[in-house]
Visitor: 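This is the structure I want to talk about, given as structure tokens.
In what follows, every heavy atom counts, from backbone to side chain, and hydrogens, waters and symmetry copies are set aside. When a residue number appears, it is its place in the shown sequence, counting from 1.
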Amino acid sequence: MAEPADDSWKEMVKAQPAVTDADRQPAAAPKAASFALELTEDGLLLKIRREDGRIALVELSPDMALYLREYLSNGLATIGYFPPKS
């Protein structure tokens with residue numbers, strides 16, 4: 001039987017960094033040009049190449065990857081990216 005998911009999501013939500021007005025300014029955050037996702041022994045490694053050529057590397061636990069997927073899906077739905085279902 002699979003092990004239950006780590007129930008630390010409450011702590012993860014409390015630890016989320018605030019997005020400030022300065023963060024929202026045009027060109028404040030570099031844009032992603034591409035990314036790679038690699039499986040590790042116990043999680044995922046997300047490597048993002050930015051438009052300026054720099055690389056950002058983040059290791060994600062399975063739970064953090066799941067949270068990220070949900071946040072991205074909800075964010076895309078909020079901005080109307082997904083077409084309505086027929």
Side-chain angles (χ1 to χ4, degrees):
M1 174 180 268
E3 293 200 21
D6 180 5
D7 193 23
S8 63
W9 66 270
K10 294 175 188 173
E11 287 76 30
M12 188 275 303
V13 170
K14 291 178 189 175
Q16 288 177 320
V19 178
T20 66
D21 288 337
D23 296 331
R24 293 183 183 94
Q25 296 302 310
K31 292 185 179 184
S34 63
F35 69 91
L37 191 62
E38 184 174 310
L39 298 176
T40 64
E41 191 170 306
D42 51 337
L44 300 165
L45 199 56
L46 175 61
K47 190 172 192 175
I48 302 168
R49 181 180 307 280
R50 299 167 10 168
E51 281 186 333
D52 62 8
R54 294 176 31 195
I55 301 290
L57 185 64
V58 179
E59 186 175 355
L60 301 169
S61 69
D63 285 337
M64 189 64 73
L66 180 63
Y67 301 147
L68 179 59
R69 183 189 76 173
E70 292 302 314
Y71 276 74
L72 289 171
S73 295
N74 288 331
L76 289 169
T78 299
I79 64 171
Y81 185 78
F82 298 122
K85 293 181 181 180
S86 305

Visitor: Would you list the pairs meeting salt bridge (Lys or Arg N to Asp or Glu O under 4.0 Å) in which at least one residue belongs to residues 17-30, sequence neighbours left out?
Guide: Asp21-Arg24
Visitor: With hydrophobic residues grouped by side-chain heavy-atom distances under 4.5 Å, do Tyr67 and Leu72 end up in a single group?
Guide: yes
Visitor: Between Pro62 and Gly43, which heavy-atom pair has the shortest distance, and what is it?
Guide: CD-CA, 4.1 Å
Visitor: What residues, two or more places apart in sequence or in another chain, satisfy side chain to side chain contact (heavy atoms under 4.5 Å, CB included) together with Ser61?
Guide: Asp63, Met64
Visitor: State yes or no: do Leu60 and Leu66 share one hydrophobic cluster built from I, L, V, M, F, W and Y residues joined by side-chain heavy-atom distances below 4.5 Å, directly or via other members?
Guide: no
Visitor: With sequence neighbours excluded, what pairs up with Leu39 under the side chain to side chain contact (heavy atoms under 4.5 Å, CB included) test?
Guide: Leu44
Visitor: Enumerate the side chain to side chain donor-acceptor pair (under 3.5 Å) contacts for residues 45-55, please, sequence neighbours excluded, ordered by first and then second residue.
Guide: Arg50-Asp52
Visitor: Please give the remaining members of the hydrophobic cluster of Leu45, linking ILVMFWY side chains under 4.5 Å, ordered by chain and number.
Guide: Leu57
Visitor: Under the side chain to side chain donor-acceptor pair (under 3.5 Å) rule, what pairs show up with a residue in residues 34-44, not counting sequence neighbours?
Guide: none
Visitor: Does any pair with a residue in residues 71-82 pass side chain to side chain donor-acceptor pair (under 3.5 Å), and if so which ones, sequence neighbours excluded?
Guide: Gln16-Tyr71
